[in-house]
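Structure first, commentary second.
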Amino acid sequence: MLVIEGAGRWTAPAGAANDWVEQLRTPDLSVGTYCIPAGGLDDQSPHTEDEIYVVTAGRARIVTPDGGAEVGPGSVIFVPAGEEHRFVEVTEDLALLVVFGPAYGSRAPVRRAE
């Protein structure tokens with residue numbers, strides 16, 4: 001057992017548009033915290049792993065090619081591997097507990113046949 005102190009807690013990004021901190025990593029999953037300040041920019045790219053976000057603080061809108069949704073504390077969002085997604089209209093400092101399966105960055109990018 002391991003208690004992950006501070007996971008999902010708001011931390012102001014130090015001179016950056018947003019902040020990602022990985023707090024646990026095993027071969028099968030990783031857990032971290034992603035923070036975007038109010039009015040901030042989410043500049044992430046699609047991931048090669050499935051992802052779950054749990055909003056622990058703040059408000060924003062998440063958008064994907066299939067649509068968008070308002071999110072706030074308690075919202076749980078599943079994003080499948082490879083899906084474009086972005087948090088926009090961040091109206092309150094946004095803190096997200098993030099779970100990747102398998103661990104973040106552990107899958108090689110999918111190469112398309114040309």
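Basis for what follows: all heavy atoms, side chains included, without hydrogens, waters or symmetry-related copies.
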Trp20-Leu94 co-clustered via ILVMFWY side chain contacts under 4.5 Å: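 Looking at the clustering, Leu94 is in the same group as Trp20.
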Among all residues two or more places apart in sequence or in another chain, which pass the side chain to side chain contact (heavy atoms under 4.5 Å, CB included) test with [X]?
X      : result
Ser106 : Arg25, Glu49, Pro102, Ala103
Pro27  : none
Ala81  : Asp50, Arg107

Set of salt bridge (Lys or Arg N to Asp or Glu O under 4.0 Å) partners for Arg61, sequence neighbours left out: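 Arg61 satisfies salt bridge (Lys or Arg N to Asp or Glu O under 4.0 Å) with Glu70 only.
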Sequence neighbours excluded, which residues qualify as salt bridge (Lys or Arg N to Asp or Glu O under 4.0 Å) partners of Glu89? none
Give me the atom names and distance for the closest heavy-atom approach of [X] to [Y].
X     : Y     : value
Ser75 : Val71 : OG-CA, 3.6 Å
Arg9  : Ala95 : C-CB, 4.3 Å
Pro46 : Gly82 : CB-O, 3.7 Å

Looking at Asp93 and Pro37, would you say the former's side chain and the latter's main chain have a donor-acceptor pair under 3.5 Å? no
Do Glu51 and Val98 have side chains that get closer than 4.5 Å, going by heavy atoms?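 Side chain of Glu51 against side chain of Val98, heavy atoms only: contact under 4.5 Å found.
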Apart from Leu29 itself, what residues make up its hydrophobic cluster when side-chain heavy atoms of I, L, V, M, F, W and Y under 4.5 Å apart count as a link, directly or indirectly? Leu2, Ile4, Leu24, Val31, Ile52, Val54, Val76, Phe78, Leu97, Val99
For Val21, the rest of its hydrophobic cluster, which grows through side-chain links under 4.5 angstrom: none
Please, which pairs that meet side-chain hydrogen bond (donor to acceptor under 3.5 Å, both in side chains) have at least one residue in residues 26-35, sequence neighbours excluded?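 Residue pairs passing side-chain hydrogen bond (donor to acceptor under 3.5 Å, both in side chains), neighbours aside: Asn18-Tyr34, Glu22-Ser30, Gln23-Thr33, Tyr34-Asp42.
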Straight-line distance of Ile36 CD1 to Arg86 CZ, nearest 0.5 Å: 9.5 Å
For His47 and Val79, what are the C-alpha separation, side-chain angles and deciding distance, and is it a side-chain contact (heavy atoms from CB on, under 4.5 Å)? CA-CA 9 Å; His47 315 295; Val79 179; 5.9 Å; no
Does Phe87 have any ring-ring contact (aromatic ring centres under 6.0 Å, His included) partners at least two apart in sequence or in another chain, and if so, which?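 Only Tyr53 meet the ring-ring contact (aromatic ring centres under 6.0 Å, His included) criterion with Phe87.
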